[in-house]
Amino acid sequence: MLESVAVYTTSNTRRYSLKQLNQELEKAISAALLSAQADGRLPTFDVPAIPVSPPKRADQGDLSYPAMGLARLARKNPLDIARLIVDSMNSLDFIDHIDIAPPGFINFTIAADYLKRQVDTIIAEGDNFFRLSIGAGKTAQVEFVSANPSGPITIGHTRGAVVGDAMARLLEAAGYQVQREYYYNNAGNQMVILGKSLMLRYLQQIGDDVDYPADYYQGEYLVDVAAQLADENGDSLRARDWAYFKDAAESQMFQWINRSLASIDIKHDEFFNETSLFECGRIWRTLELMRENGHVYEATHWEGADAVEVADVAAKGYEPATWFHSSAFGDEKDRVMVKSDGAPTYTLPDIAYHCDKLERGFDIAVNVLGTDHFSQAQVVKYGLQALGMDPAPIHVIFVQMVRAVRWNQARGEYEAVKQSKRAGDFDTLDDLVEMTSADAVRYHMLARSPNSQLDFDVDQVVKQSNENPVYYIQNAYVRCAGIFREADERGFSDKDADLSLLGADELCFIRKALELGNVIEQAVLNYEPHKIAFYAHELASVFHPIYDRVRVLHSEAPPDVAKARLRFLQLMGMSAPERM
RNA sequence: GCUCCAGUAGCUCAGGGGAUAGAGCACCGGUUUCCUAAACCGGGUGUCGCAGGUUCGAAUCCUGCCUGGAGCGCCA
């Protein structure tokens, strides 16, 4: 992989993607403006950013620049400015012709020969063609899922899992060396309750008559684990305390979580246990450093507390706690880091953890979190600043809630499928995969902006699985595979193919395929992994009509283009089946 | 009450200063001597939540409001 990056960045013969053509044109237009200013055809002004982008419609060329933005600066009619630019531009080998359209667009059409030549280039470079150089020699970490081992992966976790893994794959495609990390805590109250819950379930299994509290874990899965324990150990565990059962439960839950994630092709490289931060003393060192920097104080209530809060605290009779003066960094209030009973809140280990993360030296550390962690993420950032660290490498993708919904025919509306772990009434990732497919789950979870709430219609995805965009996309690959298989059987080869024979339909596909690099780059730079899902569908929707219209046996090149280009399936982490 | 996200076609959602606002699903009609028809071709009258504002130009930016969700614990 690194080798191919080197090839890509050192070669100077085939710098091609639509993005780079954008940049070429942007440079050329800027130069044209300066030239026109130099000989007085345009008044002098600072040349602004020149945005060149694909137009909406095919008959408007391949790339377009709206010159209207210059009208005020140049005090000229936009159409006149456009003409001036075009007249002043040096000729570019990849441009066939330039049109000017009202009210001031400059539309560039890429030369067909230039596009056709890219087919050979794409095939020669294979998977590496869109291996970007922006991450070459850099490291990135993506922390995602990070669910505590108290139960199975739910639909809600799944969204973060898919988004995080897609982000990791995109970073890899951009040249980064990526580590996938899972941060978890097995020391909190919830885990205590989990251990006690399993203990009671076990006692029930071996015939004891015990009360099972309503605020303990209600899920059937604990009963299963308990049954297994009873099978293997009889009643010999009767005297064990909750801690034993906590460990047993945790071990089982982690196995389950990893198995579920593996079923949608997600695997973490590193599991980081919060407890290790206590064991090595990092927690307290972090606190002391913040104290030395003057951002920590002891008090019964925070400095800016109003009368109501003060009275409330007094009523509860709290002893002094240790506060982080986060409001000094812009927080709306200060946060407790160590409770009056001496135990830290989550804030302190979270800060210590991210401090550790930064010290590991990643160029980028992406953090996929639910929006319920928004405030906490802010506080962590303030904490890092209080430690004198620069939190800039950390970027958080906030994932909005997923509601698993079902259509209620009687009421004529959607209703939520409950997902509370403790209530034991939830749909798991396993359920979803069983009802649909790993690819369907990944696609539907990814094909939305993370900061939109998502209604995942369980029945819809199941019922329409044959009319699903997922299969539409995969079928494009299957059809390609079919072509290759058939060609092989006929002993037909693309050797010495004459690319000039390619027609307009094929060019259309080549244009779309060449956008991949641009899509990856935008997805990486803006932390928007969902873009790749839309692109995959667009590419497939350009391919399918051509498949029908252009028969391979009349034209050798398309399968090669297709072969090289359909790598998008791998990028999304979806499987690319040879047959369906 | 304060902060953040969302409101776009019947439904689920893209787009987020530029040309005639898109896709999937659903619905209707057509297409198969030949690489898989899970496909293709045709069929869209949308107050882009509402009202102002900025601009040559606003679904997009600003302000206010309405609706839904999330956060604002010495919870984890």
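To find a chain, count down the sequence lines: A is the first, B the second, and so on, and within it residues start at 1. Bear in mind the structure is a predicted one, so any value in this text is a computation, not a measurement.
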Hey, can you pull the donor-acceptor pairs under 3.5 Å for the side chains in residues 369-380 of chain A, sequence neighbours left out?
residue: A:Gln376; atom: NE2; partner: A:Asp350; partner atom: OD2; Å: 3.0
residue: A:Gln378; atom: NE2; partner: A:Tyr382; partner atom: OH; Å: 3.2

Legend entry - Pairing pattern in dot-bracket form [Watson-Crick, G-U; both distances under 3.5 Å; | = partner strand] for RNA chain B: (((((((..((((....[...)))).(((((.......))))).....(((((..]....))))))))))))....
Using a heavy-atom cut-off of 4.0 Å across all strands, would you classify [X] as base, sugar-phosphate, or nothing?
X	value
A:Gly69	base
A:Ser541	nothing
A:Asn186	nothing
A:His301	nothing

Legend entry - Residues forming a salt bridge (charged side-chain N to carboxylate O under 4.0 Å, His left out) with A:Asp80, sequence neighbours excluded: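 Salt bridge (charged side-chain N to carboxylate O under 4.0 Å, His left out) list for A:Asp80, sorted by chain: A:Arg83.
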Inset, instruction - Not counting sequence neighbours, which residues clear salt bridge (charged side-chain N to carboxylate O under 4.0 Å, His left out) with A:Lys76? List them please. - result: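 Not a single residue meets the salt bridge (charged side-chain N to carboxylate O under 4.0 Å, His left out) criterion with A:Lys76.
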For [range], pull every pair meeting salt bridge (charged side-chain N to carboxylate O under 4.0 Å, His left out), keeping only residues two or more places apart or in separate chains.
range	answer
residues 446-456 of chain A	A:Arg403-A:Asp455
residues 535-547 of chain A	A:Lys512-A:Glu538
residues 143-164 of chain A	A:Glu143-A:Lys357

Legend entry - Neighbours of RNA chain B within residues 303-330 of chain A, by heavy-atom distance under 4.0 Å: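 Those residues are A:Tyr318, A:Glu319, A:Ala321.
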Inset, instruction - Determine the interatomic distance between C1' on B:rA59 and the same-named atom on B:rU3; round to the nearest Å. - result: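 These two C1' atoms come out 25 Å apart once rounded.
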Inset, instruction - Please name all residues satisfying side-chain hydrogen bond (donor to acceptor under 3.5 Å, both in side chains) with A:Glu309, sequence neighbours left out, ordered by chain then number. - result: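 For A:Glu309 the side-chain hydrogen bond (donor to acceptor under 3.5 Å, both in side chains) partners, ignoring immediate neighbours, are A:Trp302.
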Inset, instruction - Check side-chain hydrogen bond (donor to acceptor under 3.5 Å, both in side chains) between A:Thr275 and all other residues, then give those that pass, not counting sequence neighbours. - result: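 So A:Thr275 forms a side-chain hydrogen bond (donor to acceptor under 3.5 Å, both in side chains) with A:Asn186, A:Asn273.
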Legend entry - Beyond-backbone contact of A:Ile85 with A:Tyr65, side-chain heavy atoms, under 4.5 angstrom: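 Yes, their side chains come closer than 4.5 Å.
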Legend entry - Any A:Pro54 side-chain heavy atom under 4.5 Å of A:Leu63 side chain: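 Yes; the side chains approach each other to less than 4.5 Å.
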Inset, instruction - Sugar-phosphate atoms are those with a prime plus P, OP1 and OP2; base atoms are the rest. Using that split, label each nucleotide of nucleotides 2-10 of chain B B, S or - for protein heavy atoms under 4.0 Å, 5' to 3'. - result: ---BS----
Inset, instruction - For each nucleotide in nucleotides 27-33 of chain B, reading 5' to 3', give B when a protein heavy atom comes within less than 4.0 Å of its base, S when such contact involves only the sugar-phosphate, and - otherwise. - result: -------
Inset, instruction - Choose from B:rA19, B:rC35, B:rA14 the nucleotide whose nearest atom is closest to any side-chain atom of A:Tyr547. - result: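 Shortest atom-to-atom distance from the side chain points to B:rC35.
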Legend entry - A:Asn148 side chain, from C-beta outward: closest of B:rA39, B:rA19, B:rA76: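 Of B:rA39, B:rA19, B:rA76, B:rA76 is nearest to the side chain of A:Asn148.
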Legend entry - Verify stack between A:Phe105 ring and B:rA19 base, 5.5 Å, 30 degrees: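 It does: the two rings, one from A:Phe105 and one from B:rA19, meet the stacking criterion.
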Inset, instruction - Spell out, as yes or no, whether a donor-acceptor pair under 3.5 Å connects the side chain of A:Asn107 to the backbone of A:Gly61. - result: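 No; zero donor-acceptor contacts below 3.5 Å.
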Inset, instruction - Determine, for A:Lys246 against A:Glu250, whether the closest basic-nitrogen to carboxylate-oxygen distance falls under 4.0 angstrom. - result: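 Yes.
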Inset, instruction - Can you measure from OH (A:Tyr184) to CZ (A:Phe271) and round to the nearest 0.5 angstrom? - result: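 The CZ atom of A:Phe271 is 8.5 Å from OH of A:Tyr184, to the nearest 0.5 Å.
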